[in-house]
Amino acid sequence: MSRSDMGIATEDPALPGRRTAAPGRAGGPHRAPSSRRTRLRRAGLPYLLLLPAVLLELLVHLVPMLIGILASFKELTQFYIRNWSAAPWRGLENYRVSVDLNAPVGQDLLNSFFVTCVFSVLAVGMCWLIGTAAAIFMQESFRGRGLLRAIFLTPYALPVYAAVITWAFMFQRDHGMVNHVIVDQLGLTDERPFWLLGDNSFIALAVVAVWKTWPFAFLIVMAALQNIPKELYEAAAIDGAGIRQQIRRITMPALYPINRVLVLVLFLWTFNDFNTPYILFGDSAPAPANLISIHIYQSSFVTWNFGTGSAMSVLLLLFLLVVTAGYLLATLRGRKTADV
């Protein structure tokens with residue numbers, strides 16, 4: 001066996017005095033492809049691990065969304081449920097019917113859209129206000145703070161169906177706890193009001209939505225407050241700044257990036273909320289609490305007009321995309337202006 005076969009360095013005859021490494025086990029050019037394959041495997045491993053989640057996302061969300069968009073261009077009624085691909089093509093007719101404000105369908109959609117906008121603005125504002133106030137209050141150390149935090153997070157941890165069904169029992173006219181407190185305990189009124197019917201249904205829906213969602217705002221703001229250095233508050237207190245000035249000059253500016261995302265997430269959740277009104281009122285919500293999600297459900301699964309319901313869903317998706325893009329552009333522009 002020669003020295004080169006054993007992987008021992010030999011002297012290069014063309015260059016006396018310089019020794020070259022022979023290709024063998026001790027190292028050499030043949031190791032480069034192996035290193036390249038190793039780097040490729042390491043670089044591709046994260047994408048390989050994400051592949052099941054991506055496929056599941058496509059299966060659960062994107063594929064039904066594409067089918068819904070396709071159904072919005074067809075006359076998909078109860079006569080074509082078994083073979084929906086054979087439904088006649090309507091083009092943009094379903095969209096025209098949905099936005100025709102001179103027809104009952106368009107008027108009902110506009111009313112539900114207005115109710116949803118008012119409900120979303122009110123619920124998001126209250127959730128953000130209560131959550132931020134509670135998070136700021138919980139920053140100070142006191143006895144029982146951990147227990148109080150757990151109690152605050154209980155509505156968010158409860159299953160939505162269990163929580164809303166409990167509120168539905170509480171809002172009952174004759175035996176509900178709300179009327180028992182208002183009428184029997186406090187004596188604020190002589191008659192027991194209906195909370196799940198008429199104008200009071202909007203109040204009941206807003207109360208349940210705020211009670212169920214505000215702990216999320218509390219959790220996010222409380223986590224964001226941990227990143228604010230306490231030295232800033234100590235320096236402000238030495239300079240004579242009070243609690244209000246500290247909140248206004250230190251806390252709120254530091255929370256701006258978090259609040260920008262938090263408000264958007266709360267708005268999207270609230271505007272698309274279906275479980276809360278459906279559990280409270282069933283599939284026929286009162287007009288003051290007829291959110292657009294319930295209205296689309298009625299147009300699709302109650303009247304069996306899936307084509308029009310799909311068109312309404314696509315219009316809702318486009319509206320939320322426009323609102324999201326406009327909100328992000330406005331907040332980014334305001335942030336750049338403030339930095340300048």
Mark yes or no for whether [X], through its side chain, and [Y], through its backbone, hold a donor-acceptor pair below 3.5 Å.
{"X": "Thr270", "Y": "Leu266", "answer": "yes"}
{"X": "Asn290", "Y": "Pro286", "answer": "no"}
{"X": "Gln107", "Y": "Leu101", "answer": "yes"}
{"X": "Ser300", "Y": "Tyr297", "answer": "no"}
{"X": "Asp273", "Y": "Trp269", "answer": "no"}
{"X": "Arg248", "Y": "Ile243", "answer": "no"}
{"X": "Thr132", "Y": "Leu129", "answer": "no"}
{"X": "Asp100", "Y": "Asn102", "answer": "yes"}
{"X": "Thr116", "Y": "Ile292", "answer": "yes"}
{"X": "Thr331", "Y": "Leu328", "answer": "yes"}

Would you mind listing every ring-ring contact (aromatic ring centres under 6.0 Å, His included) that reaches into residues 100-129, with sequence neighbours excluded?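 For residues 100-129: Phe113-Phe319.
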
Could you report the tightest heavy-atom contact between [X] and [Y], atom names first, then the distance?
{"X": "Ser310", "Y": "Ala71", "answer": "OG-CB, 3.7 Å"}
{"X": "Ile228", "Y": "Leu232", "answer": "CG2-CD1, 4.4 Å"}
{"X": "Gln139", "Y": "Arg145", "answer": "O-NH1, 3.2 Å"}
{"X": "Ala217", "Y": "Cys127", "answer": "CB-O, 3.6 Å"}

Listed partners of [X] passing side chain to side chain donor-acceptor pair (under 3.5 Å), at least two apart:
{"X": "Ser98", "answer": "none"}
{"X": "Thr251", "answer": "Tyr233"}
{"X": "Glu93", "answer": "Arg96"}

Tell me, yes or no, whether the heavy-atom count around [X] atom [atom1], taken from other residues, nucleotides or ligands under 6.0 Å, exceeds 12.
{"X": "Gln78", "atom1": "CD", "answer": "yes"}
{"X": "Glu191", "atom1": "CD", "answer": "no"}
{"X": "Phe79", "atom1": "CZ", "answer": "no"}

Would you compute the distance between atom [atom1] of [X] and atom [atom2] of [Y] and round it to the nearest 0.5 angstrom?
{"X": "Ser313", "Y": "Ile69", "atom1": "OG", "atom2": "CD1", "answer": "10.0 Å"}
{"X": "Ile294", "Y": "Phe274", "atom1": "CD1", "atom2": "CZ", "answer": "4.5 Å"}
{"X": "Leu291", "Y": "Ser120", "atom1": "CG", "atom2": "OG", "answer": "7.0 Å"}
{"X": "Ile203", "Y": "Leu122", "atom1": "CD1", "atom2": "CG", "answer": "10.0 Å"}

Is there a side-chain contact between Pro88 and Lys74 in this structure, where contact means two heavy atoms from C-beta onward sitting under 4.5 Å apart?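 With C-beta onward as the side chain, the pair stays apart.
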
What pairs of donor and acceptor atoms, side-chain ones from residues 165-182 against any protein atom, are under 3.5 angstrom apart with sequence neighbours left out?
residue : atom : partner : partner atom : Å
Thr166  : OG1  : Ala162  : O            : 2.7
Arg173  : NE   : Arg192  : O            : 3.1
Asn179  : OD1  : Trp195  : NE1          : 2.7
Asn179  : ND2  : Arg173  : O            : 2.9
Asn179  : ND2  : Pro193  : O            : 3.0
His180  : ND1  : Asp184  : OD2          : 3.0
His180  : NE2  : Gln185  : NE2          : 3.1

One pair to check against ring-ring contact (aromatic ring centres under 6.0 Å, His included): Phe152 and Trp214. What are the steps and the verdict? CA-CA 9 Å; Phe152 282 173; Trp214 80 266; 5.4 Å; yes

Tyr47: what forms a ring pair (Phe, Tyr, Trp, His ring centres under 6.0 Å) with it, not counting sequence neighbours?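 Applying ring pair (Phe, Tyr, Trp, His ring centres under 6.0 Å) to Tyr47 gives none.
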
